[in-house]
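Below, chains carry the letters A, B, ... as their sequence lines are ordered, and counting in each starts from 1. Fair warning: this is a prediction, and the values are worked out from it, not measured in the lab.
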2 protein chains.
Amino acid sequence: MSIEELDNFKQSGDYIQSLERGLQVIQAFSQENQALTISDVSKLTGLSRPTARRILLTLEHLGFAESNNSIFTLTARTLSLGYAYLSSNNSWSIAHSFMRDFVNQTGESCSISILDGTDIIYVARVSTKRIMSINLDVGSRLPAYATSMGHVLLAYLPKEKLEKYLDSIDFEKFTDKTIVDKEQLLTILEDVRKQSWGGVDQQLEEGLRSIAVPLRDGTGKVFAAFNCSVHAGRVSKEVLRDEFLPLLQETGEKISQAMAITNSSRYV
Amino acid sequence: MSIEELDNFKQSGDYIQSLERGLQVIQAFSQENQALTISDVSKLTGLSRPTARRILLTLEHLGFAESNNSIFTLTARTLSLGYAYLSSNNSWSIAHSFMRDFVNQTGESCSISILDGTDIIYVARVSTKRIMSINLDVGSRLPAYATSMGHVLLAYLPKEKLEKYLDSIDFEKFTDKTIVDKEQLLTILEDVRKQSWGGVDQQLEEGLRSIAVPLRDGTGKVFAAFNCSVHAGRVSKEVLRDEFLPLLQETGEKISQAMAITNSSRYV
């Protein structure tokens, strides 16, 4: 459907609001909100208490949640929902062996993400030691403007989409170095396009540095970003650019090629 | 809620059937069913075509699916649903560094799973080369009776739960070696309890061999299984038992201890 058709659909009697609300409740659970009462869920989602209750009890009945003394937690069955995407898009798993080689050679973590709204969302990750305060895994979301993969994905957006993005972000200053200015971000994106890679130095978190390159399909279109993140105290900006970047680019090329072959054969 | 309360709840006006159906539609997508029409979804779920259509369009409106010429695919946003569980149960991520050490020492993949109905469901995995015909990742499901982790999880079930399990499985003969007999399975589970580990030799797939050990909480209760899988042509049963098992047990102990500390502090 086109964007207008989708908007009209929401007004139609066919739209299933309780499905929207149910998915909202699942996403209310997070690292900060591991165990929630009905009233917590109501607060986090803006749904009324009776609605939150009905959804939580339905999720419990279906085995996606469980409760103990009126405190709800999600169950592992929820993973099946994410796995439905992963297994139906198993081209990401093709990237894994190349990513593992990269990690074995560098000793640092690497990830692939795509743009989803104003966030990047991780679709593949091979990690070593944890260096960030939050736990990143497939399915994690981070604001695009504060990440190297986000810069790469934004740099290659069509002009209208980039403008729409810029109009809809709420900049947040995560560190002293976070870019919170549209014009400054646009200048950075231009550099990313020129050099075909992006880098972020402690703009999302103190002590975290990362570089990213685009992954392109057979037609040259950027469909994802591939990055490597390091601890700022361990790897200097120069080492990251001179030693890690060439390997990241080489690995990115291999992933792009392997995925292009799979995706073209998939639709034959 | 108790099992009876949950059953009664389904009959009540509070139960949200459209949420059940929406989650069913998401799970209709898989490696074999990557791109589906309304009528495919209707066939796979047993829902009527108009219902399948309303759900697919609602999912598209919410950004969890997209369509091209009336063929629907899931989007990466679906990963957020699984990640809601993973990030709200980040104790699994504690296991990762121990799992990576195991993989570095053995060169083989290892996984953690828990029981969900009659299936095991993967909650953590660190893999090397792919040796199975299907792509295993966090969220994957496999029938408990045909896997080493399943044997370990079943072996420590309370008697009533095990009987319920045995009554509800439909045995399928995946290979010549698959156990499809209740009595034989019970004998195996008894051995698993005695020796504190389980092993499966090409019962799920030709050429695949694996061993598993239980993970126990502070009270000794088994809460998950930890396994290592190898190619049968590369690692003999003897090497698996004499060389891999001790390391698997040692790593399992470390994971159990690390998770026990986290979980006890989590509820203080």
Determine the interplanar angle of the A/His61 and B/Tyr15 rings, folded into 0 to 90°, and report it as parallel if under 30°, tilted if 30 to 60°, perpendicular if over 60°.
-> perpendicular

A/Tyr83 OH to B/Tyr122 OH distance, which is reported to the nearest 0.5 Å = 9.5 Å

Does the side chain of A/Thr73 come within less than 4.5 Å of B/Tyr85's, by heavy atoms?
-> no

Under 4.5 Å to a heavy atom of chain B? For A/Asn33 that would be backbone

May I ask you to name which of B/Thr78, B/Leu74, B/Asp14 has the most heavy-atom pairs under 4.5 Å with chain A?
-> B/Asp14

For each of A/Ala76, A/Ser97, A/Gly82, tally heavy-atom pairs with chain B at distances under 4.5 Å, and name the one with the top tally.
-> A/Ala76

Which residues, numbered in order, of residues 16-28 of chain A come under 4.5 angstrom of chain B by heavy-atom distance?
-> A/Ile16, A/Ser18, A/Leu19, A/Glu20, A/Gly22, A/Leu23, A/Ile26, A/Gln27

Proximal to chain A - members of residues 43-53 of chain B, heavy-atom separation under 4.5 Å = B/Arg53

Could you look at A/Thr75 and say if it's the side chain, the backbone, both or neither that has a heavy atom under 4.5 Å from chain B?
-> backbone

Are A/Phe29 and B/Leu81 close enough that some pair of their side-chain heavy atoms sits under 4.5 Å apart?
-> no

For B/Arg77, does its backbone N or O pair with a side-chain atom of A/Arg141 as donor and acceptor, under 3.5 Å?
-> no

CG/B/Leu86 to CG/A/Leu79 distance, rounded to the nearest 0.5 angstrom?
-> 5.0 Å

Between A/Glu66, A/Lys10, A/His96, the one whose heavy-atom pairs under 4.5 Å with chain B are most numerous = A/Lys10

Taking B/Val138, B/Ile114, B/Asn68 one by one, which has the highest count of heavy-atom pairs under 4.5 Å against chain A?
-> B/Val138

Interatomic distance, CG@A/Asp119 vs OG@B/Ser80, rounded to 0.5 Å, equals 8.5 Å

